[in-house]
Amino acid sequence: MNIFNEQGIERAVKGAMTSEASVPIKIRGEKVTVHYGEKQALFGVDLEVRERQVTALIGPSGCGKSTFLRCLNRMNDTIEGCRVGGNLTLDGEDIYNPAIDVVELRARVGMVFQKPNPFPKSIYENVAYGPRIHGLTRNKAEMDEVIESSLRKAALWNEVKDRLHEPGTGLSGGQQQRLCIARAIAVSPEVILMDEPCSALDPIATARIEELIDELKQNYTIVIVTHSMQQAARVSQRTAMFHLGYLVEEGATDKMFTNPDDKRTQDYITGRFG
Amino acid sequence: MTDATIGSPVARPARRDIGLKRRYAAERRFRLYGVGAIAIGILFLFALLFSVVSNGYSAFWQTSIRLAINFDPAIIDPQNKRETDPNAIVAANYPQLARDALAKKLGVDTSDRQVSRQLGKMISDGVRTQLRDMVLADPSIIGTTRDVWVLASGDVDSANKGQIDLSVDQARRKVSDQQVKWIGQLNADGTMAKRFNFGLFSFGASSRPETAGVGVAILGSFYMMAIVLVLSLPIGVAASIYLEEFAPRNRLTDIIEVNINNLAAVPSIVYGLLGLAVFIGFMGLPRSAALVGGLVLTLMTLPTIIIATRAALRAVPPSIRSAALGLGASKMQMVFHHVLPLAAPGILTGTIIGLAHALGETAPLLLIGMVAFVVDHPTTPLDPSTALPVQIYMWANEAERAFVERTSGAIIILLVFLAVMNLAAIILRNRFERRW
């Protein structure tokens with residue numbers, strides 16, 4: 001029995017006990033501000049991410065949605081001159097608490113990037129890297145199991161099972177992105193952040209990733225940044241609309257796309273600006 | 001043309017002259033300039049190679065004479081005391097043996113002092129150590145006769161290679177008519193032959209061209225390259241990784257960066273002065289030693305390696321770094337598992353180019369005393385030695401004809417080493433270069 005299935009069952013049981021209205025909150029942001037040097041990129045964002053749901057962040061370019069996403073696993077730390085204010089918690093723990101180990105945080109909050117970025121190594125090594133550095137497996141057999149289950153969850157196993165030792169960079173764009181998702185899943189994170197994961201893909205590959213996101217939300221909390229309104233409507237349960245560094249509106253996706261409260265959301269969704 | 005009947009055609013504005021002809025002409029001109037520039041470059045390269053090779057190829061052959069040498073105990077050990085005094089066979093008159101053998105071969109009477117002296121000048125003085133080493137290695141050959149190839153003297157070698165103008169009156173040239181006749185005689189019966197000059201690669205310094213070689217210089221250069229590699233690669237790579245991946249961007253690191261770039265442009269002789277002051281003057285390391293040379297060249301090579309390594313690190317796409325960090329790799333793991341392997345071909349190329357640069361460096365070595373007459377092969381980097389380019393410099397100052405070809409011969413050897421190193425850099429780059 002591998003660790004993923006056990007966790008999956010545990011989560012499924014918990015999920016069954018909670019009703020739609022009272023989905024537990026996984027990540028809570030209060031008055032989050034971000035400065036890049038002198039420039040302020042986020043102004044007091046209050047946003048909650050619910051467990052095992054897909055939360056979509058939408059808004060025109062430069063509105064701060066990617067910045068907010070990168071706060072959630074502290075990838076902003078790597079940018080020089082970036083300061084984060086306010087309060088961000090994961091399961092009630094302060095993400096920016098100096099006592100929090102950023103390496104451990106990123107193992108819990110995985111990330112998939114805009115451009116597929118597999119390591120220039122074999123498919124097997126790509127997926128094996130995370131479990132290896134975190135010491136999640138004790139031997140080759142366990143590692144093989146983790147890799148198979150991760151690739152299965154990323155809906156890639158059937159396509160690559162015969163060529164696991166060929167380079168990951170030789171796959172098509174959509175396959176590469178699913179490989180990146182498999183790589184993120186392999187360290188069994190609780191949250192997966194996706195930064196416009198389909199922007200470099202063709203419509204068919206996009207559809208596959210969207211299907212995959214829908215399946216993944218049974219086990220993982222997902223936050224996705226997207227420029228496609230249709231994508232947000234298709235995959236997400238909740239949507240947050242950003243504009244010029246402010247959170248404009250946040251709520252259930254159905255409501256946001258049919259009856260938004262804010263004029264700007266209405267305009268953006270209908271394509272009047274952005 | 002049916003339109004015309006339906007309505008007046010829309011008047012098209014006259015096409016403006018957009019200078020297409022001029023643009024194409026400009027491009028053709030530019031291409032011509034480029035071809036011309038390359039042609040000039042290739043011309044100079046060939047002129048250089050031609051002059052070096054045509055002067056130097058003959059240095060790889062050395063005229064030798066096969067003599068049936070009679071190890072006569074009466075000459076080697078006239079007082080017959082070699083059992084008690086080992087010095088007796090060390091100091092024996094070995095050239096006499098070779099002279100007698102040559103006289104016998106040519107059927108010359110050695111009682112004529114004039115003839116005897118000319119005969120002696122046919123054979124290299126190096127025969128003394130050659131025969132002595134044979135006897136020391138195996139004393140039982142005393143009393144027997146052996147066929148031995150001995151080196152001809154430098155002047156005979158030059159004459160045999162046709163490098164001495166024989167139309168000049170014999171009083172004004174190095175080889176007498178009598179000697180020229182002997183050379184012809186020996187060549188005719190196959191006793192004299194041009195053989196591959198292994199000595200050029202093994203001998204140390206010598207005032208006699210036929211026994212001078214780059215053996216000591218090659219060893220010295222090898223020690224220095226080893227020291228440069230062992231010191232500058234780890235130091236340079238560690239410094240680059242720290243500066244590129246870990247150091248904060250502030251005034252201090254800016255100053256360091258500017259200074260590294262400046263150091264790469266400092267004339268090499270300045271490093272020589274620095275090495276003289278620090279390594280020899282202050283630290284008291286021995287003069288002329290490959291160790292000091294290696295340290296000085298390390299200082300000189302470091303900026304080159306740091307600049308090349310930083311460029312290679314910077315060329316690794318940021319997406320790979322994000323991917324590793326996003327998986328929870330620490331910065332150290334990110335660098336050593338992903339960035340460094342991807343940058344390795346660039347680092348290796350930079351290092352080899354830096355080493356090749358150091359191999360050809362002369363000026364700083366002159367200042368730390370490596371321009372020395374070193375006969376014995378250095379056994380450790382602390383022993384006195386010279387370097388290949390310094391040996392070339394020293395031979396270029398010699399007057400004898402046989403040294404002229406040796407200078408070019410040594411240049412060929414140095415160029416071959418450099419070409420091999422550059423080839424290795426290209427092969428490494430092509431083999432390990434990965435695309436993403």
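Both backbone and side-chain heavy atoms feed into the values below; hydrogens, waters and symmetry mates do not. So you know, we letter chains A, B, ... as the sequences are listed, proteins then strands, and number each from 1.
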- Note on the structure: Turns out that what part of A/Phe113 lies under 4.5 Å from chain B's heavy atoms comes down to side chain

- Please check if atom CZ in B/Phe222 has more than 12 non-hydrogen atoms from other residues, nucleotides or ligands closer than 6.0 Å. no

- Note on the structure: Taken to the nearest 0.5 Å, the spacing of A/Lys115 NZ from B/Ser322 OG works out to 10.5 Å

- Query: Any chance OH of A/Tyr96 has more than 12 other-residue heavy atoms, nucleotides or ligands included, within less than 6.0 Å?
  - Reply: yes

- Task: Not counting sequence neighbours, list each pair that qualifies as a side chain to side chain donor-acceptor pair (under 3.5 Å) and has a residue in residues 260-272 of chain B.
- Result: B/Ser268-B/Glu361

- Item | Minimum-distance pair of heavy atoms, taken over all atoms of B/Ile320 and A/Pro120 | CD1-CD, 3.8 Å

- Message: Can you confirm whether more than 12 heavy atoms, excluding those of B/Phe246, are under 6.0 Å from its CZ atom?
- Response: yes

- Residues of residues 72-84 of chain A contacting chain B, heavy-atom criterion under 4.5 Å, by residue number: A/Met75, A/Thr78, A/Glu80

- Contacts of type ring pair (Phe, Tyr, Trp, His ring centres under 6.0 Å), residue B/His337, not counting sequence neighbours: A/Tyr129

- Inter-residue atom distance B/Leu327.CG - A/Arg132.CZ, 0.5 Å rounding: 12.5 Å

- For residues B/Ser330 and A/Ile133, determine if any side-chain heavy atom of one lies less than 4.5 Å from a side-chain heavy atom of the other. no

- Note on the structure: So salt bridge (Lys or Arg N to Asp or Glu O under 4.0 Å) across residues 221-243 of chain B, not counting sequence neighbours, yields none

- Where on B/Arg321 is there a heavy atom nearer than 4.5 Å to chain A: the side chain, the backbone, both, or neither? neither

- Task: State, to 0.1 Å, how close A/Phe119 and B/Ala323 come at their nearest heavy-atom pair, and which atoms those are.
- Result: CE2-CB, 3.8 Å

- Query: Should we say atom NE2 of B/His357 is surrounded by more than 12 heavy atoms from elsewhere, each under 6.0 Å from it?
  - Reply: no

- Note on the structure: Assert top hit (heavy-atom pairs under 4.5 Å, partner chain B, pool A/Arg183, A/Met111, A/Gln114) equals A/Arg183

